Protein chains: 2
Amino acid sequence: MSEQRRARLRLEISREAARLFWEQGVAATSGDQIAAAVGLSTRTIWRHFRSKESCAEPVIMQGVVTLVSLMRSWPRHKSLDDHLATELTRISHEPPPVDNLLAMKMIRLADTEPALRTVWLMAYDQVEREMCVIIGDRLDRPAGDLEGRMYAAAAAAVVRVLDAHIGAAVLTGAELTPFTDMTAVARRIAHAIRTATGGVVGGPIA
Amino acid sequence: MSEQRRARLRLEISREAARLFWEQGVAATSGDQIAAAVGLSTRTIWRHFRSKESCAEPVIMQGVVTLVSLMRSWPRHKSLDDHLATELTRISHEPPPVDNLLAMKMIRLADTEPALRTVWLMAYDQVEREMCVIIGDRLDRPAGDLEGRMYAAAAAAVVRVLDAHIGAAVLTGAELTPFTDMTAVARRIAHAIRTATGGVVGGPIA
DNA sequence: GATATCTTGTCACTAAGTGACCCGATCATG
DNA sequence: CATGATCGGGTCACTTAGTGACAAGATATC
């Protein structure tokens, strides 16, 4: 099965699962229900996900893939601040994917549902690994380097906190405006990463 | 049930569970086996733990409680570096608890067992919350402050990476000596936290 | 010593997740 | 076009993690 198709199918399942989790709670949602909602047999669900909670993972991941891919395309001669600002504003004209709202809802649910919280943490564990190669690459350090791993962990952690914060704010609907200004968001993310890495990750490389 | 007794019981269960996980793998260890090993009924196990994997949590936690409690007792007028160095050397004369080795083994297992990795991440999620109040308190910031949460997240993340690194090194037995020098360990931890918080957390407060 | 509370054991039960086998589609090869 | 190999998915039986309900023993309080 092509990686593409598999990923799309997982995302499709994830959307339905996340919707059900949000509407009726995690405990009240069975694997059978998820399967019925997406039109597959229950057995097939377990072929693609380890547990019913982990069905939420692709949707959660979807909330940060753009940021991660932006990090990956970060050119060496630019500062992270500039890069994120230009790219985020460029992208922001496109319609924001519906999944993002779902992802925020899952993060919200993760506050009270331990099983979902583990999924959320595992997703950011994945982000941390990606950060590891991105940062290691940028700093010209060997792959398993301890310093690089700490930078990546700290960076992923602050992004996670920021993500949760923004998600909570958007969901409550209180302060929606400050997060529609993409350059401001870019600056906050870039600043957080730079701070969390002691200033090592964020600037341009001569 | 007193908090003390409950914690001790959980730890006792956790020790047996961790031992079994290490000896025969997580999948091959059943709740019944854990119960039998500790001399309780299976039902009682589920009264104290949500899942069999989470039985490993207290042992994992035990690996960082000393550091967390040291952070909590960190006086404002001292630098983290000094405080950790003096306290760690003072403590290092006491026999190192046997649980630490078990904790390292669990972290090792977490590399290949996703279910255990979630437990490990959840344990550090707890550490992050503790860090949150410690750091928020030290910086005289309100409880839910975003900056404080990011500092706490970054600090917990680097400690986690350091812990995994040290654990792996000790388990392979390759370089045991560099981690018996407690002042060196203290310096590394303190330096990592200071870096991850952009230099904000680590120094003495006038 | 009587009683209320609290923890555990027993047992029946639900549901998450797996293994084994089959079926239809797709695709390569003759 | 025929054929067979591979692959994704369905069906069904089965294991086991985890829960609810109730009984029983321990413990504390008066």
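A, B, ... follow the sequence lines: proteins, then strands. Residue 1 opens every chain. Computed from a prediction, not measured in an experiment: that's the story for all the values here. As a basis for the values below, the full set of heavy atoms in this structure was taken, side chains included, without hydrogen atoms, waters or symmetry mates.
Counting heavy atoms from C-beta outward, A:Gln62 and A:Leu11 have side chains that approach closer than 4.5 Å.
Residue contacts shown for A:Leu9 are limited to sugar-phosphate atoms, with no base heavy atom under 4.0 Å away. Within the nucleic acid shown, A:Ser41 comes within 4.0 Å of at least one base atom, counting heavy atoms only. Using a 4.0 Å heavy-atom cutoff across all strands shown, A:Arg50 reaches sugar-phosphate atoms only and no base atom. Residue A:Ser51 is classed as a sugar-phosphate contact, given heavy-atom separations below 4.0 Å to backbone atoms only.
One interatomic measurement links the two molecules: CG of A:Asp32 to C1' of D:dT11, which rounds to 13 Å at whole-angstrom precision. The distance from atom CH2 of B:Trp46 to atom P of D:dA17 is 6 Å, rounded to the nearest whole Å. Here D:dG9 presents its P atom at 8 Å from CD1 of A:Ile13, a figure rounded to the nearest Å.
In terms of modelled atom types and a separation under 3.5 Å, the side chain of B:Arg76 and the main chain of B:Arg138 share a donor-acceptor contact.
Side chain A:Arg43 to base C:dG19: a donor-acceptor pair is found below 3.5 Å. Residue side chain A:Arg47 reaches the base of D:dG10 through a donor-acceptor N/O pair under 3.5 Å, judged by distance alone.
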Pair up each side-chain donor or acceptor in residues 103-112 of chain A with any protein partner under 3.5 Å, not counting sequence neighbours, and list the distances.
from     : atom 1 : to       : atom 2 : distance (Å)
A:Asp111 : OD1    : A:Arg117 : NH2    : 3.4
A:Thr112 : OG1    : A:Leu109 : O      : 3.3

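With a 6.0 Å radius and a threshold of 12 heavy atoms from other residues, nucleotides or ligands, B:Arg72 has its CZ atom above the threshold.
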